[in-house]
Participant: 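Please find one structure pasted underneath; my questions will follow.
Just so you know, these numbers use all the heavy atoms, side chains as well, and skip hydrogens, waters and symmetry mates. Ligands are counted one by one from 1 in listed order, and the atoms in each one are counted from 1 as well. All residue numbers refer to positions in the sequence shown, counting from 1.
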Amino acid sequence: MALSGLDIYKLLPKTNCKDCGFATCLAFAMALAQKKVSLDKCPHVTAQARQALESASQPPIKLVTIGSGDARFEIGNETVMYRHEQKFYHPPAIGFLVEDSADEQEISRTVEKINGLVFERVGQRIGAGLICVRNQSGYRNKFLTAVSAVEASSKMAIALYSGDAETMAEAVALCKEKRPLIICGDAASQEAFITLASRNNLPLALTCAGIEEAAEAAAKARAGGVEEIVIHLNEGGLSKRIQDFTYMRRSALKKNFRPLGYPVIVFTEAADPDQELAEAVSYVAKYAGIVIMKNVEREYVFPLLVARQDIYQDPQKPVQVEPKIYEIGKVTALSPVLVTTNFSITYFTVAGEVESSKVPTYIVCCDSEGMSVLTAWAAEKFTAEKIAETLKKFGIENIISHRTVTIPGYVSVLSGKLEDVSGLKVSVGPREASGIVNYLRGWKP
Ligand code: SF4
């Protein structure tokens with residue numbers, strides 16, 4: 001069982017010396033119970049208490065690092081069941097399957113497509129993180145050829161998937177500096193894979209039929225010296241896996257059951273691309289550490305990456321853009337001015353519509369702490385006074401000659417007061433961004 005804050009407090013020195021950065025031992029104990037701080041921060045804890053507190057100071061779900069350099073990513077180390085309780089920390093890696101049974105040209109085309117799966121959304125780069133090469137053919141040479149081809153033509157992290165330990169050892173030698181994840185595809189080879197992972201200090205994924213088998217296999221791997229373990233449950237369909245992943249996370253977080261405290265890797269199975277996408281999004285939501293897709297087409301990968309980005313966004317910190325005046329196109333003193341908030345999605349939606357209109361426009365983003373227009377208005381972060389203050393601070397009157405600004409239709413109620421406090425003429429724009437193109441094309445100062 002996980003220790004409560006009070007259980008931990010009883011074991012601390014109770015001197016309130018503040019050396020840990022917390023005002024009291026009790027505050028430190030509470031933070032430790034929530035896995036927000038490491039026990040090492042208290043230099044005064046006794047050896048006896050340290051031993052008792054060891055379990056409370058360890059992350060309930062092991063942090064696993066895969067890849068090296070810029071391609072390196074981390075999974076696991078999550079602390080909550082639900083995003084609204086705090087936030088999710090490590091977005092699952094989205095990987096793509098390359099089968100060694102494909103011919104060289106097909107592998108090369110697939111890898112090229114995977115390399116191009118990089119997008120920009122709300123000012124952030126999102127993309128694929130991993131290529132998984134599977135020894136589907138069962139032939140060693142084919143697998144090694146495919147691994148070499150992927151290694152040479154992609155900078156992404158690699159996962160190697162085979163049931164044969166000798167084949168895997170040779171494949172590891174081809175890409176060891178990339179710190180690949182090795183996936184043991186056959187329970188009979190588990191011991192040899194554990195030795196291989198331990199010797200090379202590599203993360204190891206253990207393929208198991210169910211969670212009991214997974215707990216046993218993970219304990220064996222730990223005893224064999226493997227620190228970074230990933231679980232691969234290869235039986236059951238989508239709903240069974242989600243049930244199992246949820247059970248694993250709950251056991252690790254709520255019961256502090258270490259043998260299941262590891263991230264999971266999952267492979268999509270649906271043949272239909274729409275269903276495969278729905279399957280992958282479900283795994284991202286509940287609770288995969290790595291999702292391996294078959295489909296590499298951009299129109300299917302982008303929605304998956306968007307879902308991941310949204311789910312792993314800190315709910316207490318909306319994605320924001322810098323509050324300032326943005327110039328879209330070749331603006332002049334006669335260009336229209338649209339006023340909005342600095343919520344990223346709002347800004348990029350408005351900017352996209354302005355670009356489509358081909359009317360050069362200024363967009364003034366007011367600091368609304370990242371809230372959207374209506375939310376910010378309701379929270380009094382987007383008021384006439386605040387907008388007027390922002391327009392003055394950015395010197396809009398020195399930039400345009402027509403003295404007219406446009407506010408979103410949803411806050412038309414602000415127009416009169418904004419005119420009074422800013423001394424500018426205020427137009428009311430469309431309620432929805434989709435109306436911006438027509439509005440700008442018909443706009444006159
Ligand atoms: Fe208490 Fe240790 Fe923090 Fe000092 S450093 S306040 S003894 S928890």
Participant: With sequence neighbours excluded, tell me which residues meet ring pair (Phe, Tyr, Trp, His ring centres under 6.0 Å) with Tyr326.
Facilitator: Tyr347

Participant: Can you tell me how the ring of Phe245 sits relative to the ring of Tyr283, calling it parallel under 30°, perpendicular over 60° and tilted otherwise?
Facilitator: tilted

Participant: Is it true that atom CD of Glu177 has more than 12 heavy atoms of other residues, nucleotides or ligands lying nearer than 6.0 Å?
Facilitator: yes

Participant: Please indicate whether Asp70 has more than 12 foreign heavy atoms, meaning atoms of other residues, nucleotides or ligands, lying under 6.0 Å from its CG.
Facilitator: no

Participant: Nearest 0.5 Å, what's the CZ-CG distance between Arg258 and Leu260?
Facilitator: 11.5 Å

Participant: Got a sec: does the NZ of Lys286 have more than 12 other heavy atoms crowding it under 6.0 Å?
Facilitator: yes

Participant: For atom 4 (Fe) of ligand 1, report each protein N, O or S atom nearer than 2.8 Å, sorted by chain and then by residue number.
Facilitator: Cys17 SG

